[in-house]
Amino acid sequence: MPAKWLLVIGPIITAAGVALFSRNDAETGYWQYTFSGAVVMSLGTAIFFIHYLNVAYAATPSEDQGLVSGIIQTSAQVSTALGLAIGSSFLSSETPKGLLPEYRNSFYVAIAFGCAGAIVGLIWLKSIRPRPSKSKKEDPESQQSGIQIPGSLSEDVSSEK
């Protein structure tokens, strides 16, 4: 399955798990919504997180992958903090009966974020192909492995040929 579709399906499955969480009530049991929501949400999150870095790396020249990785990881951390701040801003009540609708509203915001992520992925992600390296002079052995280390044995051997 192409990575684009996994990046669209993952947030949708995560949103379905959060929707199960939002159905919790004071009388519902653990297994009905909490456990099933946790399993479904974990599945969707795993599908997404396994593939989003791979897609970014495949679209980036090898010499820029470290920079891109840092930018993506920083953006993910800031976005997570921002999403939690927005979701927790709905919680203001001091009674359990007042907190229930507020928690549901914060879960609905999380569902909206997941669906928005799926829509963004559906619209803007294209099929990703690895980009060639910018360097002109590469050793045939390093082209096979994809790694070229300056001063390495493969570089010394290719200079002797």
On a heavy-atom basis, the closest approach of P11 and A118 is CB-N, 4.1 Å

Inset, instruction - May I ask whether I13 and V109 are part of the same hydrophobic cluster, defined by side-chain heavy atoms of I, L, V, M, F, W, Y residues being less than 4.5 angstrom apart, directly or through others? - result: no

Between S69 and Y57 the two heavy atoms that sit nearest each other are OG-OH, 2.8 Å

Rounding to 0.5 Å, atoms CG (L84) and OG (S89) come to a distance of 11.0 Å

So side chain to side chain donor-acceptor pair (under 3.5 Å) across residues 101-116, not counting sequence neighbours, yields R23-Y108, S92-E102

Which of parallel (below 30°), tilted (30 to 60°) and perpendicular (above 60°) describes F35 and Y30?
tilted

Minimal heavy-atom distance between I111 and A15, with the atoms involved, is CG1-O, 3.7 Å

When rounded to the nearest 0.5 Å, the distance separating OG1 of T60 from CD1 of I71 is 9.5 Å

CG of L6 to CG of N54, rounded to nearest 0.5 Å, is 10.5 Å

With sequence neighbours left out, the residues meeting ring-ring contact (aromatic ring centres under 6.0 Å, His included) with W124 are none

Checklist line | Verdict with reasoning, F113 to I86, per side chain to side chain contact (heavy atoms under 4.5 Å, CB included) | finding: CA-CA 11 Å; F113 282 153; I86 291 170; 4.0 Å; yes

- If only atom types and distance count, is the side chain of T34 paired as donor or acceptor with the main-chain N or O of W31 below 3.5 Å? no

Exercise. Should V18 and L7 be regarded as members of a common hydrophobic cluster, given that ILVMFWY residues are connected when their side-chain heavy atoms come within less than 4.5 Å of each other, either directly or indirectly?
Worked result: no

Please list, one pair per line, the donor and acceptor atoms closer than 3.5 Å that link side chains of residues 41-52 to other protein atoms, with sequence neighbours excluded.
| residue | atom | partner | partner atom | Å |
| --- | --- | --- | --- | --- |
| S42 | OG | A38 | O | 2.7 |
| T45 | OG1 | M41 | O | 2.8 |
| H51 | ND1 | I47 | O | 2.8 |

Exercise. Does I9 share a hydrophobic cluster with I123, counting links as ILVMFWY side-chain heavy atoms below 4.5 Å and allowing steps through other members?
Worked result: no

Side chain to side chain contact (heavy atoms under 4.5 Å, CB included) between L53 and Q73, worked out
CA-CA 9 Å; L53 279 177; Q73 292 293 349; 3.1 Å; yes

Mark yes or no for whether K4, through its side chain, and G121, through its backbone, hold a donor-acceptor pair below 3.5 Å.
no

